[in-house]
Trainee: 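For reference, the structure I am asking about is given below.
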Amino acid sequence: MIIDTHCHLDFKDFDGDRDEVIGRAASKGVEKIINVASSVEGARRAVELAAKYDMIYASVGVHPHDARAVTDKVISDFKALAKNRKIVAVGEVGLDYYKNLSPREEQVSAFKRFIRLARDLNLPLIIHSREAEREALDILAKENKNGVGAVMHCFAGDGDFLKKCLDTGLYISFTCSLTFKNAKNLREVAKIMPIERLMLETDAPFLAPQEYRGKRNEPAYLTYLVDEWSKISGLSKEDIARITTHNANSFFRLKLDEGSKIAYQIRDSLYLNITNRCTNKCDFCVRNQTSFVKGHNLKLDREPAIDEIIEAVGDPRRYKEIVFCGYGEPTARLDLLKAVAKTLKAKGARIRIVTNGHGDLINKRPIAKELIGLVDRVSVSLNAETESKYNEICKPEFGPETYKKILDFIRECGRNKIETEVTCLTLPQVDVKRCEAIARSLGAHFRLRLYGMVG
Ligand code: SF4
């Protein structure tokens, strides 16, 4: 599924073939659409569309071009309209100092009123900002302190503006302008975009992708944007679709079912989430913020049985590797891990485990030998060059002796000819050079992982 988070199907451009356009979107996997209002009348039409089509949601708002039309009555009418459960946002609202079709002071006043409206309704904001980047963020910072979520629609700024938006907590939505031949700079900026805050939009009928440049855009063309993001990020099209769908689902609170996963694919590897138990409480753990990794819900209702895991994998030869790595420490279920690995190896799989290295302590015996022939590669998260730093950052439940036991486990894996790598996050307080030296001294490879990049 893909979600077009911003388009204007209520515009007269679609009067002749609206049903066909919506049908084409669905046939291309664009299963949900947020029809964004840009005028008072547009908001009413958006609500009508949302009532008619199950897959369409709507917003209420007035584009800054028409800021002078925003009166007390408009605001109270929108409040009444927003009682409809398919109104999921306030927008598009903001500032447009490029065309200046409404006086700037009226744009600012309307923008502030809509921020208050969004806060009153507890709905997220869809922001339009053109040549008014600093002002829009300043107003948002003042008027929406600890307030509702917001997305910067149709992002076309530079890297500095992107960082400022992200620091303000905004989601960022890109259009098919990213596919334009002359959008080289924007594609460069997109490379630093954290995928966890990305949403996709067509802004149809505007900004058709390169293949249809100059023609009317429509939600079905969102697939071109998915292709472009796949190229930029190195993730698969399925990854982009799933991650951005999750982002939109959580931002607009669409309540789409995103059940938890035992087996989840990222790129061409399949990951197994066999437990949520862990013997660390790392400061940096992604679990402190979310149950999702790359759009997969990893919060298990219960620990899966062997048969369920094998069934969830299917044919393991479809993947580059099968990785025991979920929302917990896989060696906490060592017997199950070994049984699953044995079955999958017999089917031709390459097996890796990602571990905190506590396996010997958890199982009260050295476990490296037990992995021989079952596990091809072990990735151990070290993340500290000293025991005291490890204890401070990772808070292991086994206490001070943990760090030494992790080093023993790494050494033993190497001795038993299991390919072993030590990983370390780019945490500011960690001396990664010393971590690398420790890894090498134990006969392991070393891999630095970017802090904040999960999966
Ligand atoms: S070892 Fe991994 S799963 Fe466990 S708390 Fe640390 S980061 Fe989270």
Side-chain angles (χ1 to χ4, degrees), residues 194 196 260-264 266 269-304 309 321-334 336-337 340 352-363 367-368 371 375 377-410 413 420-430 432 435 438-439 442 444 446-455:
E196 288 73 19
S260 63
K261 302 262 179 71
I262 303 170
Y264 61 105
I266 301 176
S269 297
L270 190 74
Y271 294 79
L272 299 183
N273 181 31
I274 62 172
T275 181
N276 280 178
R277 286 178 283 147
C278 187
T279 43
N280 267 348
K281 282 198 172 63
C282 302
D283 291 343
F284 55 81
C285 184
V286 66
R287 303 189 308 178
N288 300 334
Q289 282 130 36
T290 174
S291 311
F292 284 81
V293 164
K294 291 274 186 284
H296 295 291
N297 180 7
L298 300 188
K299 183 102 178 117
L300 294 168
D301 304 325
R302 60 179 177 80
E303 293 189 335
I309 300 167
E321 59 177 355
I322 307 287
V323 189
F324 286 86
C325 172
Y327 251 17
E329 169 50 37
T331 62
R333 301 189 75 195
L334 186 65
L336 173 132
L337 183 156
V340 172
R352 177 161 69 98
I353 62 172
V354 175
T355 172
N356 61 15
H358 297 192
D360 293 1
L361 287 162
I362 295 169
N363 295 286
I367 65 164
L371 304 178
V375 174
R377 190 174 176 91
V378 175
S379 301
V380 185
S381 319
L382 192 61
N383 298 319
E385 70 279 15
T386 62
E387 179 185 293
S388 59
K389 199 172 277 184
Y390 186 83
N391 293 341
E392 193 187 314
I393 299 173
C394 299
K395 301 172 186 59
E397 75 174 46
F398 295 111
E401 68 167 322
T402 309
Y403 191 74
K404 187 184 160 301
K405 289 285 190 185
I406 297 170
L407 302 188
D408 289 346
F409 173 69
I410 296 168
C413 284
T420 310
E421 71 173 356
V422 167
T423 64
C424 184
L425 284 172
T426 52
L427 295 164
Q429 67 271 49
V430 173
V432 294
C435 288
I438 291 167
L442 297 170
F446 179 75
R447 184 160 59 94
L448 197 56
R449 293 176 50 221
L450 276 184
Y451 173 55
M453 290 279 272
V454 185

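Remember, predicted model here, so these are calculated numbers, not experimental data. Counting starts at 1 for both ligands and their atoms, in listed order. Numbers here are sequence positions counted from 1.
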Trainee: Taking the six-membered ring for Trp, are His358 and Phe398 parallel (under 30°), tilted (30 to 60°) or perpendicular (over 60°)?
Mentor: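 Geometry flag for Phe398 against His358: perpendicular rings.
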
Trainee: Within the structure, does at least one protein heavy atom fall under 4.0 Å of atom 6 (Fe) of ligand 1?
Mentor: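 So atom 6 (Fe) of ligand 1 has protein heavy-atom neighbours under 4.0 Å.
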
Trainee: Counting N and O atoms only, with roles assigned by atom type, does the side chain of Lys389 sit under 3.5 Å from a partner on the main chain of Gln429, one being a donor and the other an acceptor?
Mentor: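 Side chain of Lys389 to backbone of Gln429, a donor-acceptor pair under 3.5 Å: yes, one is there.
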
Trainee: Hey, is Arg277 close enough to Glu397 for a salt bridge, meaning N to O under 4.0 Å?
Mentor: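 Not counted as a salt bridge, because no side-chain N and carboxylate O are separated by less than 4.0 Å.
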
Trainee: For atom 8 (Fe) of ligand 1, which protein heavy atom lies nearest, and how many Å away is it?
Mentor: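 Going atom by atom, the protein heavy atom closest to atom 8 (Fe) of ligand 1 ends up being Cys285 SG, 2.3 Å.
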
Trainee: What part of Cys278 sits under 4.0 Å from ligand 1 if we count only heavy atoms: the side chain, the backbone, both or neither?
Mentor: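 Side chain only.
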
Trainee: I need the contact type for Phe284 against ligand 1. Using non-hydrogen atoms and a strict under-4.0 Å cut-off, is it side chain, backbone, both or neither?
Mentor: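 Phe284 to ligand 1: side-chain contact only, backbone stays beyond 4.0 Å.
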
Trainee: Please list, in number order, the atoms of ligand 1 under 4.0 Å from a heavy atom of Asn356.
Mentor: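 Taking each heavy atom of Asn356 in turn, ligand 1 has 1 (S) under 4.0 Å.
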
Trainee: For the pair Asp360 (side chain) and Ile367 (backbone), establish whether a donor and an acceptor sit closer than 3.5 Å, ignoring hydrogens and angles.
Mentor: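 A pair under 3.5 Å: yes.
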
Trainee: Would you say the side-chain atoms of Thr275 and Glu329 include a donor-acceptor pair closer than 3.5 Å?
Mentor: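 Glu329 and Thr275 do not have a side-chain donor-acceptor pair below 3.5 Å.
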
